[in-house]
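Structure record follows, encoded as structure tokens.
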Amino acid sequence: MNELKIGILGIQGDIEENINSTKESITNLNLKGTVISVRHPEEIKNLDGLILPGGESTVIGNLISLNGQIFQTIKNRISNGMPVMGTCAGLIMLSKKVYDKFIGQTKQQLLGVLDIVVERNAFGRQHNSFETNLKIPTLGPVPFKGVFIRAPIITNVQDNVDIMCSFDNKIVAVIQDHIIATSFHPELSLDTRIHELFVKKVIDFKKSYN
Ligand code: GLN
């Protein structure tokens, strides 16, 4: 198999941290690959997988919609099976519908490929940012340190979406086929297990067309 080529959407947010976690995951899995920050449709067309980092979803959404081509290329590639992972703002970008407790449904640009409803900034002021140990059965018995920063929660999922993790009765991570999404930031926890799960999806996808 050729080297994997994974892109991190390089518009805004914690791009560098995702590059590092993905590179480390590739090494841990004994694979070869390149991980690059991407912001042009041509680059996205050549990827085997894409990560949408945490940051500010309204900013990322506005900036990618300025160039309709990048927006459409990402959407098409995901619809055609390319694995994608979204963390925090990235989860928001992937979702079908987003609302805010105070202002109701937001009018922000969404890719709309993940069949979930999301509430933005759902942990309130006291819990703007926090860390907690999460139980994630898919990853085995060792807890995963969840880093939450003005995090969203998932308030509704369709039947085709698997719940990967709940915390405090709130859904905070899901998988829908080749799409992984987390409310928290795995790229900030020095634990690469979720990025490794994503890289494994990228391998499966690459095998399917090689
Ligand atoms: N609150 C941000 C948003 O709604 C997400 C925060 C984050 O990515 N850490 O876009």
Side-chain angles (χ1 to χ4, degrees), residues 6-22 35 37-39 50-67 70-71 74-75 78 84-134 136 144-157 164-168 170-176 179-192 194-195 197-198:
I6 296 179
I8 315 297
L9 186 64
I11 306 278
Q12 189 266 338
D14 50 3
I15 301 157
E16 211 49 47
E17 292 83 348
N18 270 294
I19 292 181
N20 293 340
S21 298
T22 311
V35 186
S37 163
V38 292
R39 38 165 66 207
L50 175 69
I51 294 180
L52 309 179
E56 187 52 47
S57 58
T58 47
V59 175
I60 300 173
N62 284 341
L63 291 175
I64 60 171
S65 332
L66 284 179
N67 178 342
I70 184 168
F71 193 85
I74 295 175
K75 212 173 148 126
I78 300 171
V84 64
M85 178 159 84
T87 75
C88 202
L91 168 147
I92 295 174
M93 288 300 308
L94 290 169
S95 63
K96 276 254 152 80
K97 194 167 168 187
V98 176
Y99 68 93
D100 178 294
K101 227 183 299 186
F102 303 106
I103 60 168
Q105 189 167 348
T106 62
K107 295 197 174 70
Q108 63 195 108
Q109 285 288 340
L110 303 171
L111 290 160
V113 289
L114 178 56
D115 296 331
I116 60 172
V117 178
V118 172
E119 180 181 324
R120 279 184 73 192
N121 303 320
F123 286 96
R125 288 193 183 181
Q126 288 90 335
H127 271 90
N128 247 335
S129 300
F130 61 98
E131 291 181 10
T132 190
N133 277 334
L134 300 169
I136 306 185
F144 191 94
K145 189 174 85 182
V147 179
F148 292 79
I149 304 171
R150 292 183 304 109
I153 57 167
I154 299 161
T155 54
N156 195 28
V157 299
M164 187 174 155
C165 177
S166 293
F167 156 70
D168 204 13
K170 300 173 175 79
I171 303 171
V172 293
V174 291
I175 301 189
Q176 176 189 309
I179 304 175
I180 301 176
T182 65
S183 298
F184 51 93
H185 290 266
E187 68 277 13
L188 298 181
S189 66
L190 301 178
D191 183 334
T192 54
I194 295 183
H195 281 75
L197 202 67
F198 170 68

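Ligands are counted one by one from 1 in listed order, and the atoms in each one are counted from 1 as well.
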Hey, which atoms in ligand 1 end up nearer than 4.0 Å to a heavy atom of [X]?
X: S57; value: 3 (C), 4 (O), 10 (O)
X: E56; value: 2 (C), 3 (C), 10 (O)
X: I92; value: 3 (C), 4 (O), 10 (O)

As a check for students: among G55, G54, A151, A89, identify the option with a heavy atom nearest to atom 6 (C) of ligand 1.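 The residue whose heavy atom sits nearest atom 6 (C) of ligand 1 is G55.
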Could you work out, for atom 1 (N) of ligand 1, the closest of I60, N121, D100 by heavy-atom distance?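 Residue with the shortest heavy-atom distance to the ligand atom: N121.
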Between S21 and N18, is there a donor-acceptor pair closer than 3.5 Å when you use the side chain of the first and the backbone of the second?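 Flag not set: sc S21 to bb N18 has no pair under 3.5 Å.
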Any donor-acceptor pair under 3.5 Å linking the side chain of Q176 with the backbone of V113?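 The answer is yes, because a donor-acceptor pair under 3.5 Å joins these two groups.
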Salt bridge between D100 and R120, side-chain N to carboxylate O under 4.0 Å?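 Salt bridge between D100 and R120, a charged N being under 4.0 Å from a carboxylate O: no.
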Derivation of the side-chain contact (heavy atoms from CB on, under 4.5 Å) call for L111 and L52: CA-CA 11 Å; L111 290 160; L52 309 179; 3.7 Å; yes
Does some side-chain heavy atom of N20 sit less than 4.5 Å from a side-chain heavy atom of E187?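 In short, these two side chains do not touch, never coming nearer than 4.5 Å.
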We want to know whether E119 and Y99 form a side-chain donor-acceptor pair, criterion being a heavy-atom distance below 3.5 angstrom.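 Side chains of E119 and Y99: pair found under 3.5 Å.
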Protein residue, atom and distance nearest to atom 4 (O) of ligand 1, heavy-atom basis: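 The protein heavy atom lying closest is R120 NE, 2.6 Å.
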Students should be able to answer this: which protein heavy-atom is nearest to atom 7 (C) of ligand 1, and at what distance?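 Nearest protein contact, heavy atoms only, for atom 7 (C) of ligand 1 is C88 SG, 2.8 Å.
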Would you say T87 has any N or O atom under 3.5 Å from an N or O of ligand 1, going by distance alone?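 For ligand 1, there is no N or O atom that lies under 3.5 Å from one belonging to T87.
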